[in-house]
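Here the structure comes first, spelled out in C-alpha cells, and everything after it is commentary.
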Amino acid sequence: MASIRNTLATQNRQIIPERRGKRATKMACVLAIGSILFVWILGKGKYSGAQLIYRMAINFAISQGCCLVTCACELTEEIKHLHTRYNGHYWRALKASFNLSCAAFVTAILCYVFYEPKLMASLPLTIDITLTLLSWLFCWILGIQGPTPATISEITEIKQLNVAHGLAWSYYVGYLQFVLPALKESIQKFNEENHNLLKFPETCRLHILIPLSCRLYGDLKDVDENITFLKEIPPLYIDRAGIKGRVFKNNVYRILDEDGRPYNCIVEYATPLASLLKMTDIPSAAFSADDRLQQTKLFYRTLKDILENAHELQNTYRLIVYEDFPETKDHSRHLLSQEILKHIRQQHSEEYSML
C-alpha cells in the first residue's frame, strides 16, 4: 500500500508543475559575484574602487531612465482606460504603469552631487559592459525592474492565463460547496435503501476525475468497459439563481479490478474541463492545445488549494488527475479504472494507517 501511495505521488509530481522557486535569483547572484571578481581582476591597480562604483551607478541610473520612458508610454495607454479600469483615479493608473523604486532617483541625485571629472575614467569596453550587466543584475535581484501591473494585466488578458483560476473557483462556489457537505447524508440514505453498497470510508467520497486531455464522456463505460453505471444516490435540491428546486445528482459506478473484483464508488468528471476543450475549437478564443494543457494543470492545482483550505470538506472528495493522451506510453483501454482503483487503495491504506 505504501508503494502505491509513493508511486501515485511520484506520478502527480511528474505531470503537475510545482511552484517556481528561487533558482533564477540564486543564478543571478552567482553571475553578479562572478562579474565583480572579473572587474576586480581586470581593474586591479589601474582603476580605483570609487571609479568603478561611480560608473556602475551611472549605468544603473541610465537603465532606470530607460524604464521610466517605457513606463510613461504605458501610462498613455492606461489613461485611455482611466474610467473603465481605474474608476477615474489617476493615481491608480500611475501606480499600474510605473514600477520604479526611489533607488533610481536617489542614485541619479548622488551621481550629480558627487560628480568629479576624475571619477569619469575611460574604462575598457570589457569592464564597461560587465558593469552594465552588473547594474542590471542588481536591479533584477532587488526586484526593481520587474514588469508593471499594467504589463502583467495585458499579458494575462492576451494569453487568457486566468481561465483556470476562474473555472476552479466557479466549480467550487457553484457546485462543490453545496454537494460535498450534503454527501454524507445522501450516502446514508443510499446505503439504507441498497444494503450498504458504499460501506467503506474510501468509497464514501466524491471522486472527481481530471483528465489532462479535457475529454469527458457521458458514460464512463464508453471509455473503460471495466466501469459500469450502478445507481444514483438521492439527489440534492437547492433553490439556486432563480431556479426553484435545482437538482444536483451524483452517480455510483461499479469498477472491476484486474481480477474481476468489484468496487463501488461515486465518480464524475470535473465539468469545467469541457469548457477548456471547447475553447480550443473556437478561433476567437485564441486558446491553443498547449494553453489548454497548462490551464488544466493550473485548474487542478487551484482546485486542490481551494479544497484543502476548506477544512469542513475534509474526507468528502478525491481529486484524480491523470494523463489520458493516446500517445502516452502507459495508455491502455483500462487506464481510467486503474487510476480510480489506485486512489481507492491508497485511501484504504491511509484509513488503515490512521486506525
Side-chain angles (χ1 to χ4, degrees), residues 1 4-5 8-9 11-13 15-16 164-191 197-212 214 216-217 220 227 229-236 238 240 246-255 263-276 296-322 324 336-354:
M1 292 300 179
I4 294 175
R5 182 166 62 252
L8 193 60
Q11 288 178 347
N12 280 348
R13 284 198 300 269
I15 61 177
I16 301 300
H165 292 96
L167 288 177
W169 276 104
S170 177
Y171 185 49
Y172 168 72
V173 174
Y175 177 67
L176 296 179
Q177 199 174 32
F178 302 111
V179 171
L180 294 181
L183 192 62
K184 183 177 180 181
E185 183 179 349
S186 297
I187 291 175
Q188 287 177 348
K189 292 179 181 179
F190 177 83
N191 282 334
L197 281 178
L198 299 174
K199 58 183 177 179
F200 299 109
E202 61 269 19
T203 60
C204 296
R205 301 177 183 181
L206 178 60
H207 294 76
I208 303 173
L209 304 177
I210 304 179
L212 293 183
C214 293
L216 315 185
Y217 297 83
L220 299 184
I227 306 175
F229 170 76
L230 196 59
K231 286 188 176 183
E232 290 181 357
I233 67 172
L236 177 66
I238 296 178
R240 177 74 173 163
R246 184 172 181 177
V247 183
F248 294 88
K249 293 183 178 181
N250 301 104
N251 294 335
V252 177
Y253 281 86
R254 175 161 290 171
I255 303 169
Y263 294 80
N264 304 322
C265 64
I266 307 169
V267 185
E268 64 182 46
Y269 286 107
T271 52
L273 298 182
S275 300
L276 291 177
T296 305
K297 295 177 180 181
L298 185 57
F299 171 85
Y300 165 78
R301 195 174 72 191
T302 305
L303 184 61
K304 180 173 178 287
D305 292 341
I306 293 171
L307 292 172
E308 286 180 351
N309 289 323
H311 302 295
E312 68 279 6
L313 302 181
Q314 189 176 8
N315 298 326
T316 61
Y317 67 91
R318 187 77 174 188
L319 300 181
I320 302 178
V321 59
Y322 59 97
D324 60 331
L336 182 54
S337 59
Q338 292 169 359
E339 289 292 334
I340 296 173
L341 289 173
K342 280 181 187 178
H343 281 263
I344 291 177
R345 289 164 179 163
Q346 181 187 358
Q347 292 171 87
H348 179 77
S349 65
E350 291 172 353
E351 295 285 344
Y352 181 79
S353 299
M354 290 175 64

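- The shortest distance between side-chain heavy atoms of P211 and Y322 falls below 4.5 Å.
- Between R345 and Y263 the shortest side-chain heavy-atom distance falls below 4.5 Å.
- Using the six-membered ring where Trp is involved, Y171 and Y175 have ring planes that are parallel, under 30° apart on the 30 and 60° scheme.
- Residue-environment remark: CD (Q314) stays at or below the threshold of 12 foreign heavy atoms within 6.0 Å.
- Taking CD1 of I210 as the start and CD1 of I320 as the end, the distance is 9.0 Å to the nearest 0.5 Å.
- Pairing each heavy atom of Y172 with each of A310, the nearest pair is OH-CB, 3.7 Å.
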(message) R318 vs I344, test: side chain to side chain contact (heavy atoms under 4.5 Å, CB included). Steps then yes/no.
(response) CA-CA 9 Å; R318 187 77 174 188; I344 291 177; over 6 Å; no
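- In this structure, CG on D324 lies 9.5 Å from CD on E339, to the nearest 0.5 angstrom.
- The distance from atom CD1 of I233 to atom NZ of K189, rounded to the nearest 0.5 Å, is 10.5 Å.
- By the neighbour-count criterion of 12 heavy atoms within 6.0 Å, atom CD of E185 is sparsely surrounded, having that number or fewer from other residues, nucleotides or ligands.
- In this structure, the separation between CG on L167 and NE2 on H165 is 11.0 Å, given to the nearest 0.5 Å.
- When all heavy atoms of C214 and L273 are compared, the pair lying nearest together is CB-O, 3.5 Å.
- Atoms CG and CG, from L212 and L276 in turn, are 11.0 Å apart once rounded to the nearest 0.5 Å.
- The shortest heavy-atom contact between N315 and R205 is OD1-NH2, 3.2 Å.
- Inter-residue side-chain proximity for T316 and K184 is flagged as unmet; no heavy-atom pair is nearer than 4.5 Å.
- Closest heavy-atom contact between L183 and C204: CD2-O, 4.3 Å.
- Judged by distance alone, with hydrogens and angles left aside, the side-chain atoms of S170 form no donor-acceptor pair with the main-chain N or O of G166 at under 3.5 Å.
- In this structure, Y253 and H207 have side chains that are not in contact, with every pair of non-hydrogen atoms separated by 4.5 Å or more.
- In this structure, L209 and V267 have side chains that are in contact, with non-hydrogen atoms separated by less than 4.5 Å.
- Closest approach of P234 to S186, counting heavy atoms only: CD-O, 3.5 Å.
- Contact annotation: the side chain of L176 never approaches that of Y317 to less than 4.5 Å [non-hydrogen atoms, C-beta and beyond].
- In this structure, the side chains of L220 and N251 stay at 4.5 Å or more apart for every pair of heavy atoms.
- Enclosure of atom NZ in K297 by more than 12 non-hydrogen atoms of other residues, nucleotides or ligands within 6.0 angstrom is indicated.
- No more than 12 heavy atoms of other residues, nucleotides or ligands sit less than 6.0 Å from atom CZ of F200.
- Nearest heavy atoms, A270 versus F299: CB-CE2, 4.0 Å.
- In this structure, the side chain of N264 does not engage the main chain of L198 through any donor-acceptor pair within 3.5 Å.
- Here the CD1 atom belonging to I266 is positioned 11.0 Å from the CG atom belonging to L230, to the nearest 0.5 angstrom.
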